[in-house]
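See structure below.
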Amino acid sequence: MKLAEKLAAWLEAGRADLGEVRIGRTAEGFELHHYLDEPGELQSYQQAEDAIELGKLDAAGKYRPLRSAPTLQRGWRLELGSLEDVVRALEFFYPAMLGTAAAFEEKAGRPVDLRETLNRQSGMYRVAGKITNEQADALIGEVCPPNRCLKTITWQIEPGVAITSLPAGKLELGHDLLECGRGFIPLPCEECCNILVAAARETVKRAPA
Amino acid sequence: MDKSRCALVLAGHGSTLNPDSSGPTHLHAATIRARGIFAEVHVCFWKEEPSFRQIWRMVEADEVYVVPNFISEGYFTQTVLPRELGLNGPITERDGRVIKYCEPVGNHANMTGLLLQRAREVAPGVDLAAISLIIVGHGTGLNDNSARAIRDQVARIRALGQFGEVVDAFMEESPNVAEWDQLTTLKHVVVVPFFIADGLHSYEDIPVLLGMEAGATRQNPVPLRGRQLYYASAIGTSSLLADVILDQVAAFDEKHALAV
């Protein structure tokens, strides 16, 4: 199923939140805004590409290299005409998350354990693979908690070695991390990001295993 | 070029520190998207989202061109990108898709025109024959090919015979850009960073190696070591780069016409 059709089905089912972005319908099409903002006195934008800039910096002007950090700035309204434009904008706000959520819903998600990701690295990141399971668990607790990232982790440290350093809800795909009490589209973390890989490298360099 | 059933994926480096690093890749993607040539145009990054690994959750077309928005053939294009994207050669068939892996944008011969334009615009009014032009690349011990794109460009520009002299220099390889005054002989020295984005390297590292202040707003020329030094912005920020990306797609089709 195409992403636009998938999104249409989610919206039809009342699942209109993706991370901190809420998707609403208007007479002309669609309107995206921060879930804590009420439509109304918001700065208006009309291009899907505007989502690149809106997602780049937080309210304090700090760079958001991790787009799933719960620091999306408020005060904007993105008005879009077509569902395809909405998909494109959402791909800028939460890259690859629509397709990943759809894959998990269709039982086609492919979680990659941390150990596999680290062992694949080369160059300056190769050393990251030397991190111990205990160090990795502690690091995940520091780098990935809900106040740093809104994704739901689907992978383990290695087969049979689960993450123990995060609240259980961070590891359950159906869990409402923002506690909105509304229908939402999940943000599945299928494989650890490069921020965690880089942090693992730092951990190993600081305290060799 | 009719690619109305194909997707184009631009793969860039990106940064977790510099918010502007991915700007050129996004900009060139938007330019190409607006032309309506491809059904889809996506970007992905090493240090930003979507990652190279995530891109296959975004692409819907069955035929995909991947163009590395990298300046040279090297560690990223030969090791990291194929590994992370799951490619096994120029053409990979996987999960019902055909993935066509193009050469990096910086490898294309048409980059010469962009370099010449940058070099001319930074020192207007100076006779080209009185200019020593330095093309600066990153260089790396991780891959021998990294410097090749720069050396190729230098050879092409030198062959045109327009500039007094043309030399290559690198941050992490010899000849080192810090020795710019020994690598050149003419009074006017134009330095063009052969980089995709105006990031840490072109804003801070290279100016420091040249002996200038890091990040300072520069008024060209800067009098330094008895010369007049002109420092250009990174080549990858040129709006003309979108055309070179499309040239790289066309070059792929031409090269692999018999294989497809």
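What's counted below: heavy atoms across the whole structure, side chains too, no hydrogens, waters or symmetry copies. Just so it is clear: chains get the letters A, B, ... in the order the sequence lines come, proteins before strands, and each one is counted from 1.
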Quiz item: Would you say the side chain of B:Q54 lies within less than 4.5 Å of the side chain of A:C193, judging by non-hydrogen atoms?
Solution: no
Self-check item: From A:I52 atom CD1 to B:H26 atom NE2, the distance as rounded to the nearest 0.5 Å
Solution: 4.5 Å
Quiz prompt | Residue B:E40 versus chain A: region with a heavy atom under 4.5 Å | solution = neither
Quiz item: Are any side-chain N or O atoms of A:Y63 and backbone N or O atoms of B:S15, one a donor and one an acceptor, separated by less than 3.5 Å?
Solution: yes
Quiz prompt | Interface moiety of A:F92 toward chain B, non-hydrogen atoms closer than 4.5 Å | solution = side chain
Quiz item: Is the number of heavy atoms from other residues, nucleotides or ligands under 6.0 Å of B:R35 CZ greater than 12?
Solution: yes
Self-check item: Heavy-atom side-chain proximity of A:N194 to B:T16 below 4.5 angstrom
Solution: no
Practice problem: For residues A:A96 and B:P50, report the shortest heavy-atom separation together with the two atoms involved. | Solution: CB-CB, 4.4 Å
Quiz item: Which bit of A:A108 comes within less than 4.5 Å of chain B, counting heavy atoms only: side chain, backbone, both or neither?
Solution: backbone
Quiz item: Taking 4.0 angstrom as the limit, do A:E190 and B:R53 come out as a salt bridge?
Solution: no
Quiz item: Under a 4.5 Å heavy-atom cut-off, does chain B meet the side chain of A:K2, its backbone, both or neither?
Solution: both
Quiz item: Under a 4.0 Å N-O cut-off, is there an ion pair linking A:K151 with B:E49?
Solution: yes
Quiz item: Should B:M58 and A:M97 count as side-chain neighbours, where that means a heavy-atom distance under 4.5 Å?
Solution: no
Practice problem: Determine yes or no for a side-chain-to-main-chain donor-acceptor pair under 3.5 angstrom, with B:Y75 supplying the side chain and A:G123 the backbone. | Solution: yes
Practice problem: Against chain B, work out which of A:E53, A:R120, A:E49, A:R88 has the most heavy-atom pairs shorter than 4.5 Å and name it. | Solution: A:R120
Practice problem: Report the C-alpha distance between A:E191 and B:S51 in whole Å, list the side-chain angles of each, state the deciding distance to 0.1 Å, and finish with yes or no for side-chain contact (heavy atoms from CB on, under 4.5 Å). | Solution: CA-CA 10 Å; A:E191 177 171 5; B:S51 68; over 6 Å; no
Practice problem: Determine the option with the most heavy-atom pairs under 4.5 angstrom with chain B, choosing from A:L3, A:L66, A:V87. | Solution: A:L3
Practice problem: Please tell me if the side chains of B:L17 and A:P65 come closer than 4.5 Å, counting only heavy atoms from C-beta onward. | Solution: no
Quiz item: More than 12 non-hydrogen atoms from neighbouring residues, nucleotides or ligands closer than 6.0 Å to CD on A:E106, yes or no?
Solution: yes
Quiz item: Tell me, side chain or backbone of B:W56 under 4.5 Å from chain A's heavy atoms, or both, or neither?
Solution: neither
Practice problem: Output the option from B:E48, B:E84, B:H42, B:R83 having the highest count of non-hydrogen pairs under 4.5 Å with chain A. | Solution: B:R83
